[in-house]
Amino acid sequence: MPRTTLQDAVVLVAGGAKNLGALIARQAAEAGADVAIHHHDEASRAEAEDTLRAVEAAGRRGVLLSGDLTVPEACTSLFADAEAALGRVDVAVNTVGKVLRKPIAETDEDEYDAMFDINAKAAFFFLKEAGRRVADGGAVITLVTSLLAAFTDGYATYAGGKAPVEHFTRAAAKELAERGISVTAVAPGPMDTPFFYPQETPERVEFHKSQAMGNQLTRIEDIAPIVRFLATEGWWITGQTIFANGGYTTR
Ligand SMILES: NC(=O)c1ccc[n+]([C@@H]2O[C@H](COP(=O)([O-])OP(=O)(O)OC[C@H]3O[C@@H](n4cnc5c(N)ncnc54)[C@H](OP(=O)(O)O)[C@@H]3O)[C@@H](O)[C@H]2O)c1
């Protein structure tokens with residue numbers, strides 16, 4: 001039977017050190033799960049340690065794992081190490097992403113490769129390992145972007161790099177259905193984290209706000225409960241992209 005609670009589950013969060021990933025990790029622990037927290041950059045280690053302390057403060061076990069998930073072997077090790085430390089993986093959440101706002105004419109090959117490696121390739125090999133390792137009845141969730149439903153300039157490699165994840169999600173949902181594993185993608189609107197601001201002007205931030213209910217950006221607190229729901233009572237939702245953005249974009 002599919003899992004409808006996180007009590008005594010094991011949740012793996014890729015990019016779980018900070019921002020949205022950290023809140024997902026903390027809320028999973030508060031809901032009774034042990035949590036494997038992945039971070040990538042050494043600069044994220046201190047935040048990863050803070051998140052681990054929060055998991056432990058909630059009375060649950062946690063483990064810190066690291067790796068560049070654009071390397072398929074790192075995805076393999078991530079799941080193997082999470083399983084070795086915490087026994088199994090029931091829910092795997094991938095919050096890994098990289099943004100670039102640049103016209104196509106100014107985008108070079110290295111930028112293109114980095115965007116597709118981080119947003120698409122890492123997501124693919126994370127899903128592949130999740131399919132091998134996630135326990136029957138579990139859930140796999142990938143973070144994409146509401147720009148998948150936008151008609152806008154500048155985000156060709158970001159939205160374009162996230163776009164394949166929808167198709168990976170659909171295929172994986174079909175392939176894992178017989179094991180009761182749901183596979184979904186969550187697409188937040190422009191979200192109030194340090195990830196969002198560097199490529200935007202103050203005027204554009206105001207425009208993004210103006211497109212959502214209440215003239216505001218998406219908050220990590222708006223998204224983490226949706227991830228938790230998809231991993232529990234929302235298990236019947238599979239193969240879908242969930243746009244969560246206060247009305248910012250739709251399709
Ligand atoms: N903020 C927004 O406006 C917004 C809107 C819609 C969707 N999203 C998506 O939501 C997710 C979370 O974003 P966020 O705002 O919470 O920002 P964030 O914390 O910066 O999330 C991005 C994560 O990707 C990790 N990462 C980057 N390169 C990696 C690599 N090669 N291997 C493994 N991990 C790597 C980063 O780790 P390190 O920093 O340690 O490298 C970081 O944890 C992302 O997928 C993003 O695309 C964000």
Side-chain angles (χ1 to χ4, degrees), residues 12-27 36-51 64-79 92-101 111 113-126 129 141-150 152 154-155 157-166 169 185-200 204-205 207-209 211-212 216-224 226-227 241-246 248-249:
L12 165 63
V13 187
K18 59 189 178 181
N19 304 322
L20 178 60
L23 186 61
I24 292 167
R26 285 167 190 249
Q27 290 192 351
I37 302 154
H38 159 270
H39 75 103
H40 165 236
D41 205 282
E42 262 314 294
S44 303
R45 177 172 288 280
E47 288 159 299
E49 286 167 356
D50 283 349
T51 306
L64 281 193
L65 303 168
S66 62
D68 176 354
L69 298 184
T70 65
V71 179
E73 293 75 21
C75 292
T76 307
S77 307
L78 176 69
F79 278 85
V93 183
N94 174 19
T95 75
V96 169
K98 181 179 173 71
V99 67
L100 176 70
R101 180 167 191 274
E111 289 167 329
D113 286 344
M115 293 302 289
F116 278 77
D117 282 355
I118 293 171
N119 292 305
K121 183 180 177 187
F124 181 88
F125 286 98
F126 184 92
E129 284 306 317
I141 297 150
T142 312
L143 268 295
V144 292
T145 168
S146 280
L147 290 172
L148 294 181
T152 189
Y155 282 116
T157 58
Y158 179 52
K162 291 284 195 186
V165 176
E166 286 204 88
T169 297
V186 173
M191 198 161 59
D192 189 5
T193 75
F195 182 97
F196 167 67
Y197 292 97
Q199 64 283 349
E200 297 290 350
R204 284 183 55 88
V205 171
F207 171 75
H208 288 302
K209 286 184 180 175
Q211 297 303 295
Q216 60 191 359
L217 296 174
T218 297
R219 301 169 310 145
I220 57 173
E221 293 82 2
D222 301 319
I223 303 301
I226 296 169
V227 171
T241 303
I242 309 296
F243 287 82
N245 59 29
Y248 172 78
T249 57

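All values reported here derive from a predicted model rather than from experimental measurement. Numbers for residues simply follow the sequence, beginning at 1. Just follow the structure's listing: the first ligand is 1, and inside any ligand the first atom is 1.
Numbered from 1 in the order shown, with element, the atoms of ligand 1 that lie under 4.0 Å from a heavy atom of T95 read 11 (C), 12 (C), 21 (O), 22 (C), 23 (C), 44 (C), 45 (O). Every atom of ligand 1 with a heavy atom of G67 under 4.0 Å away is listed here by number and element: 32 (N), 33 (C). Of all the atoms in ligand 1, the ones that sit under 4.0 Å from a non-hydrogen atom of S44 are 38 (P), 39 (O), 40 (O). The contact set between ligand 1 and P190, taken as ligand atoms under 4.0 Å from a residue heavy atom, comprises 3 (O). In the vicinity of G189, heavy-atom distances shorter than 4.0 Å reach the ligand 1 atoms 5 (C), 6 (C).
Taking distance alone, with nitrogen or oxygen atoms compared against 3.5 Å, N19 approaches ligand 1 more closely than that limit. When only interatomic distances are considered, the shortest N/O to N/O separation between L69 and ligand 1 falls below 3.5 Å. The shortest N/O to N/O separation between T70 and ligand 1 does not fall below 3.5 Å. Polar contact with ligand 1: present for L20 (N/O pair, distance under 3.5 Å). Inclusion of I118 in the set of residues having an N or O under 3.5 Å from an N or O of ligand 1 is not warranted. Note: no N/O pair closer than 3.5 Å links K98 and ligand 1 by distance alone.
Under the side chain to side chain contact (heavy atoms under 4.5 Å, CB included) test applied with N19, the options I24, T95, T193 reduce to a single match, T193. Each of L217, N245, L143, V144 was scored for a side chain to side chain contact (heavy atoms under 4.5 Å, CB included) with P188, with one residue passing: L143.
Contacts with ligand 1 closer than 4.0 Å are made by heavy atoms of both the backbone and the side chain of D68. Neither the backbone nor the side chain of T218 comes within 4.0 Å of ligand 1, counting heavy atoms alone.
When the heavy-atom distances from atom 24 (O) of ligand 1 to G21, G16, G15, G97 are ranked, the shortest goes to G97. Nearest-residue assignment for atom 48 (C) of ligand 1 (options E47, K18, M191, H39; heavy-atom criterion): M191. Between atom 33 (C) of ligand 1 and the options K121, Q199, E42, H38, the minimum heavy-atom separation is to H38.
In this structure, the side chain of D68 does not engage the main chain of A74 through any donor-acceptor pair within 3.5 Å. Using a distance-only test at 3.5 Å, with no hydrogens or angles considered, a donor-acceptor pair links the side chain of D222 to the main chain of R219.
Within a 4.0 Å radius of atom 36 (C) of ligand 1, the protein contributes no heavy atom.
Taking the centre of each ring, F126 and F79 come in below the 6.0 Å mark.
Residues T70 and D117 have side chains that never bring a donor and an acceptor to within less than 3.5 angstrom of each other.
Classified by interplanar angle (parallel below 30°, tilted 30° to 60°, perpendicular above 60°), the ring pair H208/F196 is perpendicular.
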* **side-chain contact (heavy atoms from CB on, under 4.5 Å) evaluation trace for L148 with E166** => CA-CA 9 Å; L148 294 181; E166 286 204 88; 3.8 Å; yes
* Evaluate the criterion side-chain contact (heavy atoms from CB on, under 4.5 Å) for residue pair E47 and H39; output intermediate values, then yes/no. => CA-CA 9 Å; E47 288 159 299; H39 75 103; over 6 Å; no
* To do: Check the pair I220, M191 against side-chain contact (heavy atoms from CB on, under 4.5 Å), reporting the backbone distance first and the verdict last.
  => CA-CA 7 Å; I220 57 173; M191 198 161 59; 4.1 Å; yes
